[in-house]
J.: 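Quick one: the structure is below, questions incoming.
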Amino acid sequence: MARVGRDAENVLLHGLRKLEYRGYDSAGLALRNGHGVEVFKREGEISRLVSHVGREKPVAEIGIGHTRWSTHGPPTDENAHPHTDCTGEIAVVHNGIIENHGALRRQLEKTGHEFESDTDTEVIPHLIENGIAAGHSPEEAFESTVELLSGSYAIAMIHRGEKTVYAARRGSPLVLGIDESALFLASDVPAFLEFTDRVVYIEDEQLVRISASGYTITERGDEIADQPVVRVEWNGEAAEKGGYDHYMRKEIDEQPSAIRQIVGSHAAADELLDIDPAILDGVSEIQFVACGTSYHAALYGSFLLESRGIPASTYLASEYALHNCSIGENTLVVAVTQSGETADTLAAIDAAKRAGGRTLAVTNVVGSTAARTCDEALYIRAGPEIGVAATKTFSSQVVCLSLFAAQLTGDRSSALADALASLPGDIQRVLDRSKSRKIAARYRDREAFFFIGRGAGYPVALEGALKMKEISYEHAEGFAAGELKHGPLALVTPNTVVFAVFTGHNDDKLLNNVTEVKTRGGTVVAVVDTANEAVLEQANDVLEIPETHPDVAGLLANVQLQLVSYHAANLLGRPIDKPRNLAKSVTVE
Ligand code: F6R
């Protein structure tokens, strides 16, 4: 993040706290004041940096800051950004990966540069230093350095001699915020949303200069005068905890309103979705690409399409290019990504485009890279999601994909439409009556947690396991229920808890799997509607969901599983919003 305007240190620290969800193993600031460039860095969370800066009276008008998710070198004070050159006059922050840093570093070391960190980033200030030593201005040195870098980056740089921040972008997000009295650059809008909602999205290969007199954007030497200034829809309050202990809990509770928002905003008279219908012309096959929770939402969407006769396949974005998938003229590649900035997903979109595919982004972030790179964007309108573990955006993605399936197949069966219309109320009922805390307390000391389901229950089982492992750090795995007997059943002991997700898709067979678990001494918690008496008889414990359409039941079951993981993690004292080793927006491949 970078700031030009009064009180830079406090604003930067505030902004870094808002960006902490992107990475939180170390943080730092570089401030330009009358004497030069002052750098503060600390391993650990931003609160440690705040005490380290510890200044009552802010003095800087220009600064850059960073909160890190380590790629090169462990989280230490030395590896925290900003990084400086040998003279200490240049400071740089960087998101992304400099892939040729090894060769650059060797060259720089040979010519006498001394490095203080293990990071790929540190080559940047030293290269700029070389440019300035060769007689170039800081701006020229910055530009020529950027040309030497391969990989992905959003970089910001300050120099002691100028009241200016220089920044560049390739493959990592960078957004400019414009306030009456200040300018900001950041990886994401919440960093400065409290001050302004007017933003300019910086494109790949663009350079930006911000100073007290304004900003300029250039691309390959040409000034871009007409890059649009847009207003973001989110407000600062939506990105606050609002009295909750954790963002994750707040975001779980926001699911009814998030879903009302989608159904309301997309339900125009003729079209279910607020997208250009031309993107769907003649489409007969869908390929989904996504990662993590978004991958599970895509699997759910794929199931809905296939069960309506539309061929659909789902790829982990990081594997997509390796599959060399054939893309026909009637194939639509759909990238599902909350942030719209996940590097693996962006790479898959590029692969699809290179193969001549039509692309659609299903994303939460207006103006994100995925939204701008794909031919069309379908916004899930869930509002900001700050907790690192995705919750409400999974539900909103699946609801969007249900509407997408209905539009593509022309199937507006009233049963499904009715179930979607009652979904917000049904989720509210789950939230109000859930026994998830008791279940979490009862079983939290068990050795392993398995999640099984069939049909739409299968991606929900995968998602249930992902939530449990990422926030509670307990061993958890999700399986297609039929696969248990092909191997994983060997792991089931009296110390295992198996969550069985009943959605109405092959429930009888799922019940067979439940008995297989119980026969081996495992405990079964069924997530099921209470009309299903056969299941109630067999299960050791039950998490109830209201009766609904089978294609929607998985969403209700998922809310129960989100709550179980949340309570388990809370009882175990885990840092729920910022699980170890993870980051919300994974901008490296
Ligand atoms: C899990 C989680 C991650 C993300 C994944 C993709 O709770 O949040 O698995 O789902 O990193 O992120 P997006 O959806 O932003 O592409």
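Side chains are part of it too, since the values below use all heavy atoms of this structure and drop only hydrogens, waters and symmetry mates. Remember, it's 1-based here, ligands and their atoms both numbered in the order they're listed.
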J.: Which residue and non-hydrogen atom of the protein lie closest to atom 5 (C) of ligand 1, and at what distance in Å?
T.: Cys291 O, 3.7 Å
J.: Please determine if Lys392 and Glu254 form a salt bridge, counting it only when a charged side-chain N lies under 4.0 Å from a carboxylate O.
T.: yes
J.: For the residue pair Arg580 and Tyr473, would you count it as a cation-pi contact if the rule is NZ or CZ under 6.0 angstrom from the ring centre and within 45 degrees of the ring axis?
T.: yes
J.: Any nitrogen or oxygen of Val586, side chain or backbone, less than 3.5 Å from one on ligand 1?
T.: no
J.: Return the residue, atom name and 0.1 Å-rounded distance of the protein heavy atom closest to atom 8 (O) of ligand 1.
T.: Val388 O, 3.2 Å
J.: If you apply the rule side chain to side chain contact (heavy atoms under 4.5 Å, CB included), what do you find for Leu280 with Phe404, and how did you get there?
T.: CA-CA 10 Å; Leu280 301 182; Phe404 176 74; 3.6 Å; yes
J.: Would you mind listing which atoms of ligand 1 come within a distance below 4.0 Å of any non-hydrogen atom of Gln338?
T.: 13 (P), 14 (O), 15 (O), 16 (O)
J.: Nearest to atom 10 (O) of ligand 1, what protein heavy atom do you find, and at what distance?
T.: Thr293 N, 3.1 Å
J.: Does a donor on one side chain and an acceptor on the other come within less than 3.5 Å for Glu463 and Tyr300?
T.: no
J.: Check this for me: does any side-chain nitrogen of one of Glu470 and Arg574 sit under 4.0 Å from a carboxylate oxygen of the other?
T.: no
J.: Does Glu544 pair with Arg433 as a salt bridge, N-O distance under 4.0 Å?
T.: no
J.: Is it true that Arg249 and Asp253 have a side-chain N and a carboxylate O under 4.0 angstrom from each other?
T.: yes
J.: Could you tell me the residue and atom name of the protein heavy atom closest to atom 15 (O) of ligand 1, and the distance to it rounded to 0.1 Å?
T.: Ser339 OG, 2.6 Å
J.: Tell me: protein heavy atom nearest atom 14 (O) of ligand 1, and distance?
T.: Ser294 OG, 2.5 Å
J.: Give the residue and atom name of whichever protein heavy atom lies nearest to atom 7 (O) of ligand 1, and the separation in Å to one decimal.
T.: Glu470 OE2, 2.4 Å
J.: Given that the side chain starts at C-beta and the backbone is N, CA, C, O, which of these parts of Lys467 lies under 4.0 Å from ligand 1, counting heavy atoms, or is it both or neither?
T.: side chain
J.: Could you identify the single nearest non-hydrogen protein atom to atom 13 (P) of ligand 1 and state the distance to 0.1 Å?
T.: Thr342 OG1, 3.2 Å
J.: Is Arg169 salt-bridged to Glu203, cutoff N-O under 4.0 Å?
T.: no
J.: Only heavy atoms of Gly292, strictly under 4.0 Å: list the atoms of ligand 1 that pass.
T.: 9 (O), 10 (O)
